[in-house]
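Residues: numbered from 1 along the sequence shown.
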Amino acid sequence: MAFVVGVRFKSAGKIYYFDSGDLELQAGEAVIVETVRGVEYGEVALKKKDVSEDQLVLPLKKVIRKANEEDRTTYQRNKEKEAEALELCREKVKVHNLPMRLIDVEYTFDMGKIIFYFTAESRVDFRDLVKDLASIFKTRIELRQIGVRDEAKMLGGIGTCGRILCCNNFLGEFAPVSIRMAKEQRLSLNPTKISGICGRLMCCLKYESEMYSSKRSEGVKNGENGTRTEVVDPGADS
């Protein structure tokens with residue numbers, strides 16, 4: 001077992017565990033942590049708790065300190081620069097005539113790297129673009145191709161239910177979703193009815209899947225009017 005805190009780097013982003021040492025941290029506090037990408041600014045999502053080692057990626061990285069006013073200023077300044085970097089990169093994509101759509105950009109806290117996220121129908125040769133951007137920003141450049149689900153998570157939007165997209169609002173990670181889940185819940189299999197704005201099966205199909213599976217294992221199924229009827233094996237008396 002190890003005492004760790006859970007830290008997020010983006011709203012509704014994945015939670016990563018860090019060794020908090022002797023620091024007493026509460027959920028919502030900003031922290032500076034050591035990551036594989038370098039020094040980063042994040043927010044405590046889960047306060048200190050015991051976690052088994054099989055749930056951790058070892059060796060654990062450390063929380064360096066609680067974020068101070070200077071750190072917060074640096075973080076906000078980086079956010080402002082991200083908007084400028086995204087616009088400039090879009091212009092360069094047009095110049096190089098590349099079949100890609102820029103979605104988001106992210107500065108690492110220590111300014112050691114800029115990461116551009118994009119979608120494309122196929123692989124894109126962006127080597128000249130990277131060289132061009134590196135000469136402008138004078139730092140390491142990474143272009144990362146993402147899928148349509150990640151695009152929806154980053155951009156956000158309103159689902160068919162009229163609420164903010166789950167992935168953008170609170171889902172830290174995507175869970176596997178299958179058409180079987182829709183069948184078990186007796187939902188229409190019309191793709192327009194069970195697909196999110198990303199074009200993939202809606203994440204919410206997963207929410208009640210366990211309950212439906214457990215009821216089926218108990219020999220119970222849904223009736224047409226919300227009642228449940230016992231499943232009878234026609235060959236049981238033969």
Side-chain angles (χ1 to χ4, degrees), residues 6-16 42-43 45-46 55 57 79 82-83 85-87 89-90 93-94 96-106 115-126 129 142-229 231:
V7 176
R8 275 195 175 117
F9 300 102
K10 288 186 176 182
S11 174
K14 181 178 177 180
I15 295 177
Y16 297 88
E43 184 178 289
L46 298 172
Q55 294 180 265
V57 177
K79 286 297 173 187
E82 286 173 358
L86 189 63
E87 191 57 39
C89 188
R90 282 183 176 140
V93 167
K94 290 179 182 178
H96 290 277
N97 195 28
L98 295 173
M100 57 194 289
R101 180 175 177 236
L102 281 174
I103 303 300
D104 200 6
V105 62
E106 182 182 0
I115 305 167
F116 293 93
Y117 299 91
F118 72 95
T119 58
E121 294 295 327
S122 58
R123 292 179 64 87
V124 178
D125 184 356
F126 46 69
L129 174 62
E142 179 180 339
L143 267 76
R144 187 176 298 176
Q145 188 168 353
I146 60 173
V148 290
R149 277 184 141 194
D150 291 302
E151 178 184 2
K153 183 177 180 67
M154 288 182 175
L155 296 181
I158 303 297
T160 55
C161 59
R163 298 174 66 89
I164 296 172
L165 297 180
C166 296
C167 58
N168 180 257
N169 190 26
F170 64 86
L171 283 183
E173 297 183 76
F174 291 111
V177 183
S178 69
I179 195 69
R180 175 183 58 79
M181 295 174 182
K183 290 179 179 178
E184 283 181 344
Q185 297 171 53
R186 291 195 172 185
L187 299 174
S188 166
L189 300 185
N190 183 334
T192 61
K193 300 287 188 180
I194 57 175
S195 299
I197 64 172
C198 61
R200 300 291 188 265
L201 290 172
M202 293 189 294
C203 294
C204 55
L205 293 176
K206 176 76 174 177
Y207 298 165
E208 296 182 5
S209 179
E210 252 183 58
M211 185 272 287
Y212 277 86
S213 295
S214 67
K215 290 300 180 183
R216 284 173 62 85
S217 68
E218 294 170 11
V220 179
K221 67 178 181 179
N222 273 0
E224 290 183 358
N225 296 316
T227 60
R228 294 191 177 103
T229 56
V231 178

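Taking OH of Tyr117 as the reference point, atom CG of Leu86 lies at 12.0 Å (rounded to 0.5 Å). Expressed to the nearest 0.5 Å, how far CG of Leu129 lies from CG of Leu143 amounts to 5.5 Å. Ile103 CD1 to Phe116 CZ: the interatomic distance, rounded to the nearest 0.5 Å, is 13.5 Å.
When the salt bridge (Lys or Arg N to Asp or Glu O under 4.0 Å) test is applied to Lys193, no partner is found at least two apart in sequence or on another chain. For the salt bridge (Lys or Arg N to Asp or Glu O under 4.0 Å) test, no residue two or more places apart in sequence or in another chain qualifies with Glu43. Taking the salt bridge (Lys or Arg N to Asp or Glu O under 4.0 Å) definition, one finds that Arg144 meets it with Glu142, sequence neighbours left out. Arg8 meets the salt bridge (Lys or Arg N to Asp or Glu O under 4.0 Å) test with no other residue; sequence neighbours excluded.
What you find for Ser188 and Ile194 is that their closest heavy atoms are O-CG2, 3.1 Å. Closest approach of Glu106 to Glu82, counting heavy atoms only: CA-OE2, 3.5 Å.
Among pairs with a residue in residues 202-211, none fulfils salt bridge (charged side-chain N to carboxylate O under 4.0 Å, His left out), at least two apart in sequence or across chains.
Counting only distance, with no hydrogens or angles, the side chain of Gln185 and the backbone of Met181 share a donor-acceptor pair below 3.5 Å.
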Worked verdict on Ser213 versus Arg180 for side-chain contact (heavy atoms from CB on, under 4.5 Å): CA-CA 10 Å; Ser213 295; Arg180 175 183 58 79; 4.1 Å; yes
Step-by-step side-chain contact (heavy atoms from CB on, under 4.5 Å) determination, Leu205 to Leu187: CA-CA 10 Å; Leu205 293 176; Leu187 299 174; 3.4 Å; yes
Stepwise side-chain contact (heavy atoms from CB on, under 4.5 Å) test for His96 and Val124: CA-CA 11 Å; His96 290 277; Val124 178; over 6 Å; no
Arg200 and Val177: CA distance, side-chain angles, deciding distance, side-chain contact (heavy atoms from CB on, under 4.5 Å) verdict: CA-CA 9 Å; Arg200 300 291 188 265; Val177 183; over 6 Å; no
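By the 4.5 Å heavy-atom criterion applied to side chains, Cys89 and Phe118 are not counted as neighbours.
Annotation for Lys10: atom NZ counts as buried by contact number, over 12 foreign heavy atoms lying within 6.0 Å. Residue Arg90 places its CZ atom among more than 12 non-hydrogen atoms of other residues, nucleotides or ligands, all under 6.0 Å distant.
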Residues 147-160 side chain polar contacts: donor-acceptor under 3.5 Å, at least two apart:
unit_1, atom_1, unit_2, atom_2, d
Glu151, OE2, Arg101, NH1, 2.1
Lys153, NZ, Ala12, O, 2.6
Lys153, NZ, Cys167, O, 2.7
Lys153, NZ, Leu171, O, 2.4

